[in-house]
Amino acid sequence: MSNKAKEFWKSTLQIVLLAAVMVGISQLLLTFVISNEQVFGPSMQPNFTQNDRVIALRHAKLKRGDVVILKAPDAKGEFYIKRIVGMPGDTVRFDRDQLYINGKKVSEPYLKAYKADFSTYLAGSDYFTLNPKTNGPTFDLKDVLGQKKVPAHHYFVMGDNRTVSKDSRYKEVGFISDDASAYNGIQGVVKFRYWPITKFKIY
């Protein structure tokens with residue numbers, strides 16, 4: 001074999017090995033560090049819409065207001081995108097369109113652009129929501145889930161589009177676990193949206 005041929009095969013082998021290493025690193029990152037997800041459905045509108053693509057960081061510290069990816073407890077193999085409203089140990093109450101956490105008023109600036117869409121109104125979504133139909137009812141966790149506080153290692157999550165979001169207000173969803181391996185476990189915290197490019201945003 002000529003020197004040229006040897007160099008060609010050597011270069012080709014290096015490229016193949018480098019590509020294999022890069023693919024391996026990408027797979028490890030997607031398995032243990034980040035999650036690449038696509039948004040389906042209207043439950044987080046207007047902040048996240050159909051076909052948005054987001055990157056979520058696994059094992060991130062969870063805090064109130066974070067947007068998270070979680071296993072859908074009522075639909076095996078599917079994932080939901082929701083926002084953390086109640087932390088472990090919190091009481092959660094909604095009174096006349098005002099959210100109270102542990103008895104204190106909490107602002108929800110992410111709902112500024114929210115407009116209730118009653119053309120696709122989801123039965124039961126009048127709990128903890130901006131709902132002119134019921135003129136701001138009062139509900140707490142015990143009313144909807146039978147417990148006064150969010151359990152340890154669990155979270156109360158909601159979609160921003162409150163009238164159509166199926167979330168912790170419903171018993172079949174309920175409190176969400178911080179254990180990623182659980183049937184309803186949080187998979188990661190959304191850190192940025194990269195598609196569409198015109199809506200690129202870091203969170």
Side-chain angles (χ1 to χ4, degrees), residues 29-45 47-94 99-102 106 108 110-111 114 120-129 139-193 203:
L29 285 172
L30 286 169
T31 302
F32 299 108
V33 182
I34 62 173
S35 175
N36 179 19
E37 302 292 343
Q38 183 173 2
V39 175
F40 291 101
S43 73
M44 285 295 288
Q45 290 178 346
N47 297 309
F48 296 87
T49 57
Q50 180 83 9
N51 298 323
D52 281 2
R53 296 209 68 104
V54 299
I55 294 292
L57 181 63
R58 301 184 191 275
H59 313 297
K61 186 177 180 180
L62 302 171
K63 61 184 185 298
R64 192 182 338 278
D66 280 346
V67 175
V68 295
I69 304 295
L70 57 108
K71 289 180 183 175
D74 59 333
K76 191 174 180 180
E78 295 185 18
F79 295 88
Y80 285 159
I81 178 171
K82 305 293 177 185
R83 190 182 298 274
I84 292 177
V85 174
M87 302 286 286
D90 280 350
T91 62
V92 180
R93 181 169 63 91
F94 205 95
L99 176 66
Y100 291 83
I101 301 291
N102 302 321
V106 175
E108 297 183 276
Y110 41 83
L111 295 183
Y114 173 86
T120 52
Y121 183 74
L122 187 61
S125 60
D126 52 348
Y127 304 129
F128 308 99
T129 188
F139 290 101
D140 61 22
L141 291 179
K142 193 169 184 181
D143 291 330
V144 294
L145 295 176
Q147 297 187 52
K148 289 183 178 180
K149 295 182 178 182
V150 180
H153 301 291
H154 286 77
Y155 297 81
F156 185 88
V157 301
M158 296 177 69
D160 292 348
N161 192 2
R162 301 268 166 99
T163 58
V164 301
S165 175
K166 195 172 186 183
D167 46 43
S168 287
R169 293 170 289 176
Y170 298 84
K171 289 182 180 179
E172 57 266 41
V173 177
F175 299 113
I176 300 303
S177 174
D178 64 4
D179 181 357
S181 64
Y183 76 99
N184 62 346
I186 292 174
Q187 303 302 295
V189 178
V190 173
K191 291 301 181 181
F192 65 90
R193 172 174 49 209
Y203 298 94

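As a basis for the values below, the full set of heavy atoms in this structure was taken, side chains included, without hydrogen atoms, waters or symmetry mates. These numbers were taken from a predicted model, which means no experiment stands behind them.
- Side-chain contact between V92 and I101: present, with at least one pair of heavy atoms (C-beta onward) separated by less than 4.5 Å.
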Q: Please lay out, stage by stage, how K71 and F79 fare under the test side-chain contact (heavy atoms from CB on, under 4.5 Å).
A: CA-CA 5 Å; K71 289 180 183 175; F79 295 88; 3.9 Å; yes

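- Considering only residues two or more places apart in sequence or on other chains, K166 meets the salt bridge (Lys or Arg N to Asp or Glu O under 4.0 Å) condition with D74, E172.
- The side-chain heavy atoms of K191 and I55, taken from C-beta on, include no pair separated by under 4.5 Å.
- Scanning for side-chain hydrogen bond (donor to acceptor under 3.5 Å, both in side chains) contacts around K76 gives an empty result, with sequence neighbours left out.
- Listed by chain and number, the residues in a side-chain contact (heavy atoms from CB on, under 4.5 Å) with K149 are T91 (sequence neighbours excluded).
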Q. Where do N184 and V173 land on the side-chain contact (heavy atoms from CB on, under 4.5 Å) test, with the steps shown first?
A. CA-CA 8 Å; N184 62 346; V173 177; over 6 Å; no

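- For the atom pair CD1 (I81) and CG (D52), the distance works out to 8.0 Å, reported to the nearest 0.5 Å.
- A distance of 6.0 Å separates CD in E108 from CZ in F94, rounded to the nearest 0.5 Å.
- A heavy-atom distance below 4.5 Å is found between the side chains of V67 and M44.
- Side-chain atoms of Q187 do not come within 3.5 Å of backbone N or O of R58 as any donor-acceptor pair.
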(Q) Pair V150, M87 - check side-chain contact (heavy atoms from CB on, under 4.5 Å), show working. (A) CA-CA 7 Å; V150 180; M87 302 286 286; over 6 Å; no

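- Evaluation of the ring-ring contact (aromatic ring centres under 6.0 Å, His included) rule for Y155 yields no partner, not counting sequence neighbours.
- Listed by chain and residue number, nothing satisfies the side-chain hydrogen bond (donor to acceptor under 3.5 Å, both in side chains) test with Q50 (two or more places apart in sequence, or in another chain).
- Taking the six-membered ring where the residue is Trp, the centroids of F48 and Y203 are separated by under 6.0 Å.
- Residues satisfying the salt bridge (Lys or Arg N to Asp or Glu O under 4.0 Å) criterion with K61, sequence neighbours excluded, are absent altogether.
- Looking at every heavy atom in both residues, S43 comes nearest to V164 through CA-CG2, 4.2 Å.
- Applying side-chain hydrogen bond (donor to acceptor under 3.5 Å, both in side chains) to S165 and the options D167, N161, T163 leaves one that passes, D167.
- Heavy atoms only, all atoms of each residue included: S35 and E37 are closest at OG-OE2, 2.6 Å.
- Every side-chain contact (heavy atoms from CB on, under 4.5 Å) that K148 has, sequence neighbours left out, goes to K142.
- The line from CG of L111 to CG of L99 is 9.0 Å long, rounded to the nearest 0.5 Å.
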Q. Which is it for N51 and F40 under the side-chain contact (heavy atoms from CB on, under 4.5 Å) test, yes or no, and what are the steps along the way?
A. CA-CA 6 Å; N51 298 323; F40 291 101; 4.3 Å; yes

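- Taking D178 as the reference, nothing meets the salt bridge (Lys or Arg N to Asp or Glu O under 4.0 Å) condition, with sequence neighbours excluded.
- Considering only residues two or more places apart in sequence or on other chains, Q147 meets the side-chain contact (heavy atoms from CB on, under 4.5 Å) condition with P151, F175.
- For F192, the ring-ring contact (aromatic ring centres under 6.0 Å, His included) partners at least two apart in sequence or on another chain are F200.
- Remark: Y183 engages no residue in a ring-ring contact (aromatic ring centres under 6.0 Å, His included) (not counting sequence neighbours).
- Between the S168 side chain and the V157 main chain, a donor and an acceptor come within less than 3.5 Å of each other.
- The list of salt bridge (Lys or Arg N to Asp or Glu O under 4.0 Å) pairs with a residue in residues 77-90, not counting sequence neighbours, reads R64-D90, R83-D160.
- Nearest approach of L145 to K171, heavy atoms of both residues: CD2-CA, 4.0 Å.
- Taking all atoms of both residues into account, the shortest heavy-atom contact from I69 to V54 is CD1-CG2, 4.4 Å.
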